[in-house]
Amino acid sequence: ESEHPDDRIALHRVGTFLLLMGKFTAALELFARSAEKWEQAGGDHPEYARVLDDLVEVQYALGNLGHAETIARKVLDVRVRTVGADDPLAIENLITLGALLHARHENAEAHGLYVQALHRCEDNPAVNATQFAAALNNRATLLLEEGRAAEAIPLLEQAVHVITRERGPGHPDAITYVTNCGVAQKRAGNIAEAADLYLAALKIIETTLGPTHPRAVQALASLGTLNHERGEFAAAERYLRNAFDISRLCFGETHLTTY
């Protein structure tokens with residue numbers, strides 16, 4: 001077969017099309033063939049790194065976490081050599097590898113990778129707010145799973161700050177981080193702070209996405225549960241009834257998310 005770069009690129013593009021169609025096994029075969037051709041040509045090319053990124057995605061989707069981790073390590077090495085460790089793509093590869101290790105319960109190494117990613121995000125003009133906030137959220141999520149809510153809170157507060165500084169207060173991109181910060185405050189025993197954050201998230205949803213948007217369901221349910229735990233049963237019922245009504249409107253009577 002010809003080793004012309006167009007062959008490698010064509011295999012990758014067809015594989016990407018198959019991936020979008022949900023044909024993971026077929027996409028995997030084409031991505032693997034494209035990667036093999038790049039390796040035979042010496043590798044260390046931006047297009048080769050993109051092929052490896054897609055291989056990681058497919059292997060993860062197929063549940064092959066070990067294979068995904070091996071490829072993620074390879075693409076990180078390629079990216080560092082071709083674009084440098086502080087490039088946003090290389091940072092994204094650090095975060096992806098950390099997430100794979102997190103999924104495999106290899107938490108110590110995952111923490112190390114998340115910390116590396118955060119160091120490379122700080123004061124890096126090439127990194128946008130979305131990537132930096134996501135990196136903060138990933139490490140905070142791992143800390144929460146380990147019962148380390150007090151350590152997660154400042155990371156999530158920083159994520160909210162990073163997003164609102166660039167996008168403005170009340171931007172919908174902040175919803176996830178405000179909500180997660182509320183979860184962290186609740187797990188740390190700071191119930192009043194948690195309630196304020198859940199309310200702030202709900203306000204952003206209602207203002208930017210609309211009062212009956214599906215994302216309002218979880219915010220209302222969280223507020224209902226929190227108020228029930230505080231013994232404020234009337235408020236809890238109000239929030240939970242509202243969550244039920246929106247869920248029924250959005251998803252129907254029998255959907256799993258309908259309360």
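This structure is a prediction, so every number in the text was calculated from the model and none was measured.
Side-chain contact, E166 with H161: no donor N or O sits under 3.5 Å from an acceptor N or O. With no hydrogens or angles considered, no side-chain donor-acceptor pair links E229 and T225 at under 3.5 Å.
Within the 3.5 Å criterion, the main-chain N or O of R238 finds no donor-acceptor partner in the side chain of N242. Using modelled atom types, no side-chain atom of S34 and backbone atom of L30 make a donor-acceptor pair closer than 3.5 Å. Here the side chain of Y239 pairs no donor or acceptor atom with the backbone of L226 at under 3.5 angstrom. Side chain of N124 to backbone of D86: a donor-acceptor contact under 3.5 angstrom is found. Using modelled atom types, one side-chain atom of T164 and one backbone atom of V160 make a donor-acceptor pair closer than 3.5 Å.
Within a 6.0 Å sphere centred on NE2 of H213, other residues, nucleotides and ligands contribute more than 12 heavy atoms. With a 6.0 Å radius and a threshold of 12 heavy atoms from other residues, nucleotides or ligands, R13 has its CZ atom at or below the threshold. Annotation for H228: atom NE2 does not count as buried by contact number, only 12 or fewer foreign heavy atoms lying within 6.0 Å.
In plain terms, the two heavy atoms of G224 and A236 that are nearest each other are O-CB, 3.3 Å. For the pair L101 and A110, the tightest heavy-atom approach, listed with the atom from each and the gap, is CB-CB, 4.0 Å. Residues V78 and A49 approach most closely at CG1-CB, 4.0 Å, considering heavy atoms. For the pair A150 and P154, the tightest heavy-atom approach, listed with the atom from each and the gap, is O-CD, 3.2 Å. Taking each heavy atom of G170 and I204 in turn, the nearest pair found is O-CG2, 3.5 Å. Nearest heavy atom pair, residue A27 against residue G15, reads CB-O, 3.4 Å.
Hydrophobic clustering (side-chain heavy atoms under 4.5 Å, transitive across Ile, Leu, Val, Met, Phe, Trp, Tyr) keeps I205 apart from I246. The hydrophobic clustering, which links ILVMFWY residues whose side-chain heavy atoms are closer than 4.5 Å, places V51 and V75 together. Cluster annotation: F24 and L65 are assigned to the same hydrophobic cluster (Ile/Leu/Val/Met/Phe/Trp/Tyr, side-chain heavy-atom contacts under 4.5 Å, transitive). Under the 4.5 Å side-chain heavy-atom criterion for grouping Ile, Leu, Val, Met, Phe, Trp and Tyr, L202 is not connected to I175 through any hydrophobic cluster. L100 is connected to I71 through a chain of hydrophobic side-chain contacts under 4.5 Å among Ile, Leu, Val, Met, Phe, Trp and Tyr, so both are in one cluster.
L97 contributes atom CG, which lies 10.0 Å from atom OG1 of T70 (distance to the nearest 0.5 angstrom). Separation of atoms OH (Y48) and CG (D44) is listed at 8.5 Å; rounding is to 0.5 Å. Note that the CG atom of L55 and the CZ atom of F31 stand 7.0 Å from one another [nearest 0.5 Å]. In this structure, CG in L118 is found 7.0 Å from CG in L155, a value given to the nearest 0.5 Å. For the atom pair CG of L220 and CG of L199, the computed distance is 9.5 Å after rounding to the nearest 0.5 Å. Rounded to the nearest 0.5 Å, atoms CZ (R187) and CD1 (I153) are 11.0 Å apart.
Put simply, the side chain of E69 reaches to within 4.5 Å of the side chain of E106, judged on heavy atoms. Side chains of D245 and R248 form a contact here, defined as non-hydrogen atoms less than 4.5 Å apart. I91 places none of its side-chain heavy atoms less than 4.5 Å from the side chain of D87. Side-chain contact between N227 and R230 is present, with at least one heavy-atom pair separated by less than 4.5 Å. In this structure the side chain of R139 never reaches within 4.5 angstrom of the side chain of H102, judged on heavy atoms. Between K186 and N190, the closest side-chain pair of non-hydrogen atoms is not below 4.5 Å. Side-chain contact check for H12 versus R50: some heavy-atom pair is nearer than 4.5 Å. No side-chain heavy atom of L156 sits under 4.5 Å from any side-chain heavy atom of V183.
A salt bridge links D53 with R79: at least one charged nitrogen is closer than 4.0 Å to a carboxylate oxygen. Classification of K74 and E39 as a salt-bridged pair holds, one side-chain N sitting under 4.0 Å from a carboxylate O. Between R73 and E109 there is a salt bridge, since a side-chain N of the basic residue sits under 4.0 Å from a carboxylate O of the acidic one.
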Could you walk me through whether R8 and E36 pass side chain to side chain contact (heavy atoms under 4.5 Å, CB included), step by step? CA-CA 9 Å; R8 307 165 211 156; E36 183 180 6; over 6 Å; no

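Within the structure, the side chain to side chain donor-acceptor pair (under 3.5 Å) test picks out no pair touching residues 19-30 (sequence neighbours left out). Within the structure, side chain to side chain donor-acceptor pair (under 3.5 Å) pairs that include any residue of residues 199-209 do not occur (at least two apart or interchain). Listed by first and then second residue, the side chain to side chain donor-acceptor pair (under 3.5 Å) pairs involving residues 55-66 are Q59-N64 (not counting sequence neighbours).
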